[in-house]
Amino acid sequence: NINNINNINNINNINNINNTNNTGGVHPSFRLWLTTEPHAKFSPVLLHQSLKITYEAPPGLKKNLMRTFNTWSSNFFNGIPIGSQSLFMLAWFHALIQERRKYIPQAWTKFYEFSYADLRAASDVVDAFSRNGGRDNIDWLTIRGLLENAIYGGRVDNEYDIRVLRTYLAQYFSSDLFKQHGNLKITKNITIPSSANYDDYLNLIKSMPDVDTPDMFGLPLNIDRSAQRVNSTSIISHLKRMDVSVDEGKRFNREQWTTLLNPIIQLWRKLANNDALKFPQIRRSVEDNSITNFVMLEAEKANKLINQVDQQILMLTNIITGKMLMIPSILSIVSFLLLGEVPTEWTEQWQGPEDIYTWMRQLVTRFVALFGWLKRAETNTLISPDTILNLSDLFRPDIFLNALRQETSRSLHKPIDSLRLVAFWGSRITPNKGVKVAVEGILLQGCNFDGERLSEASAESPEMTTIPKTILQWVSAEEKQPYAADVSVVIPLYASSSRSQLVAQLNM
């Protein structure tokens, strides 16, 4: 079982088996079975020499459940209705968390390898507890703890994904649900029978619809718009990779490089000729102000990255036109540009969009916007009642909020770790003490917001909606929350729609 990068590096040496010069050679009956999840560093040579079997979950809740029950068979059921109901609930839970992967990054932020091995381990746990306890004596707390911490939750590394998993476990494995005798209603159209008969559950699965609806997962009705965008982006990326040979990025071919790279070079020349990019050398502020110093550092970061891209694009142009010899650093960059992707050397400075054209445009847009921030900071008008800032202008919006936190700590004479971030909309009155900032450009996905209340999205709702002007402020922990906990939810704020970088969490 190849389960980490060290095992993959070691197993790649297995090619030497076929090249052995030992007099005995390899026994004709020798077979080596390898199990692995997809990995970019797995040897393509070894993969080509192997017989490959792919084991994937079938699409759809109905097919997923059917495969599980075909694997279990009637002998697996223990003859106790509560035990059979618990096992069906586990199969339902397993199918839900697997099928949610169709809606990445909204349902899960990444693809988690929930597998049959997880289901098998979980079924042993559920079966043991339900067999040894009556309906009112099953230790659901321990079951949830094992499923979350030892089986399924061990694969999840995002705080908000863990919350989703924990919510599912609390919904489907609780005494409140199973204390009702008889049938168990888990959705508006699906009711688990109070039976220990395997065929009863099989008939229930067969009666389920073939097409899943988002509400079965607790997802917004318009999530298909997001899924279609993500899938189309992925398909376009794969088509670009198919259009370009891997070897084209490893050797210099003037004619091919001119044809494939000229659109990128021309775009950068057009962007770089913008007069707004021709700024004098940035001077560091000596003022002891966290926000101003942050803006200075952010502008320096933008300036450094712009210069780096400009110099390397110029070197690439000179190589193509024969004015310069090829160097390894440019060859590495070309291998990404030929695929329409952003070179790793650039993404280490700023992650940004995956598409190189979009990345370049947004880089220049942020660069220009940052100097607007810098001018306001130098005139002490950056944080003022009349200024509305756009967080999408920043490369590191989370660092800006931390700088705002530091200034608030100084202003209130409070420890920095005793402050919490709150957001205000509409008629909500903000506290007079502390530093507050008005921001715009925050997008909301999965529901609607009118400035006062959240509402469920319909199937016709746009994928994302713009939130009205938001007042952000760090306040003391003793300060009353603007929205009571029983009528509000905590919403994560990410740097982009890929949900790879968490900026903050807002109470709405």
Under 6.0 Å from the [atom1] atom of [X], do we count more than 12 heavy atoms belonging to anything else shown?
{"X": "R453", "atom1": "CZ", "answer": "no"}
{"X": "E440", "atom1": "CD", "answer": "yes"}
{"X": "K188", "atom1": "NZ", "answer": "no"}
{"X": "K110", "atom1": "NZ", "answer": "no"}
{"X": "Q349", "atom1": "CD", "answer": "yes"}

Has D355 got a side-chain atom pairing as donor or acceptor with T358's backbone, closer than 3.5 angstrom?
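Looks like yes, one N/O pair under 3.5 Å.
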
State whether the side chain of N203 and the backbone N or O of D199 hold a donor-acceptor pair below 3.5 Å, judged by distance alone.
yes

Short side-chain donor-acceptor distance under 3.5 Å, [Y] and [X]:
{"X": "T187", "Y": "N189", "result": "no"}
{"X": "N507", "Y": "S488", "result": "yes"}
{"X": "T344", "Y": "T347", "result": "no"}
{"X": "H94", "Y": "Y116", "result": "no"}
{"X": "Q98", "Y": "N64", "result": "yes"}
{"X": "D161", "Y": "T109", "result": "yes"}
{"X": "E463", "Y": "Q445", "result": "yes"}
{"X": "S195", "Y": "N197", "result": "no"}

Would Y201 and Q85 satisfy side-chain hydrogen bond (donor to acceptor under 3.5 Å, both in side chains), going step by step from the backbone distance to the final call?
CA-CA 9 Å; Y201 294 95; Q85 288 179 321; 5.0 Å; no

Heavy-atom pair of closest approach, residues [X] and [Y]:
{"X": "V342", "Y": "F336", "answer": "O-CD2, 3.7 Å"}
{"X": "N448", "Y": "A457", "answer": "ND2-CA, 3.8 Å"}
{"X": "L221", "Y": "S458", "answer": "CB-C, 4.0 Å"}
{"X": "L472", "Y": "L506", "answer": "CD2-CD2, 3.9 Å"}
{"X": "Y160", "Y": "R163", "answer": "CE2-NH1, 2.6 Å"}

Under the criterion side-chain contact (heavy atoms from CB on, under 4.5 Å), I'd like the reasoning laid out for L454 against L444: C-alpha separation, chi angles, the key distance, then a yes or no.
CA-CA 10 Å; L454 294 168; L444 184 65; 3.9 Å; yes

Carefully, step by step, assess N222 and E460 under the rule side-chain hydrogen bond (donor to acceptor under 3.5 Å, both in side chains).
CA-CA 6 Å; N222 68 340; E460 292 75 29; over 6 Å; no

Drop me the distance from [X]'s [atom1] to [Y]'s [atom2], to the nearest 0.5 angstrom.
{"X": "D210", "Y": "K62", "atom1": "CG", "atom2": "NZ", "answer": "4.0 Å"}
{"X": "T68", "Y": "L87", "atom1": "OG1", "atom2": "CG", "answer": "11.0 Å"}
{"X": "E148", "Y": "R166", "atom1": "CD", "atom2": "CZ", "answer": "4.5 Å"}
{"X": "R155", "Y": "L165", "atom1": "CZ", "atom2": "CG", "answer": "12.0 Å"}
{"X": "L338", "Y": "I356", "atom1": "CG", "atom2": "CD1", "answer": "11.5 Å"}
{"X": "I264", "Y": "L267", "atom1": "CD1", "atom2": "CG", "answer": "8.5 Å"}

4.5 Å side-chain heavy-atom contact, [X] and [Y]:
{"X": "L219", "Y": "Q106", "result": "no"}
{"X": "V164", "Y": "R100", "result": "yes"}
{"X": "L493", "Y": "L502", "result": "no"}
{"X": "L363", "Y": "F395", "result": "yes"}
{"X": "I223", "Y": "F217", "result": "no"}
{"X": "S86", "Y": "I82", "result": "yes"}
{"X": "I491", "Y": "Q505", "result": "no"}
{"X": "V439", "Y": "V437", "result": "yes"}

Given K102 and D212, is the salt bridge (charged side-chain N to carboxylate O under 4.0 Å, His left out) satisfied, shown in steps?
CA-CA 11 Å; K102 295 185 299 187; D212 303 331; 3.5 Å; yes

With under 30° as parallel and over 60° as perpendicular, where do the rings of [X] and [Y] fit, or are they tilted in between?
{"X": "W359", "Y": "W346", "result": "parallel"}
{"X": "W140", "Y": "F173", "result": "tilted"}
{"X": "W108", "Y": "Y112", "result": "perpendicular"}

Could you give me the CA-CA distance, side-chain angles and deciding distance for Y168 and R144, then say whether side-chain hydrogen bond (donor to acceptor under 3.5 Å, both in side chains) is met?
CA-CA 10 Å; Y168 270 143; R144 290 197 302 270; over 6 Å; no

Check this for me: does any side-chain nitrogen of one of R366 and D393 sit under 4.0 Å from a carboxylate oxygen of the other?
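No salt bridge links R366 with D393.
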
With a 6.0 Å cut-off on the ring centroids, do Y172 and F93 count as close?
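Ring-ring flag for Y172/F93: false, centres at least 6.0 Å apart.
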
Given the rule in the side-chain contact (heavy atoms from CB on, under 4.5 Å) test, do W425 and E452 qualify, once you have shown the distances and angles that lead to the verdict?
CA-CA 7 Å; W425 292 274; E452 291 287 345; over 6 Å; no

Evaluate side-chain contact (heavy atoms from CB on, under 4.5 Å) for L443 paired with T466, printing each intermediate quantity in order.
CA-CA 5 Å; L443 300 177; T466 303; 3.5 Å; yes

Set out, in order, the CA-CA distance, both residues' side-chain angles and the distance that settles side-chain contact (heavy atoms from CB on, under 4.5 Å) for V475 and L419, then state yes or no.
CA-CA 5 Å; V475 300; L419 303 177; over 6 Å; no

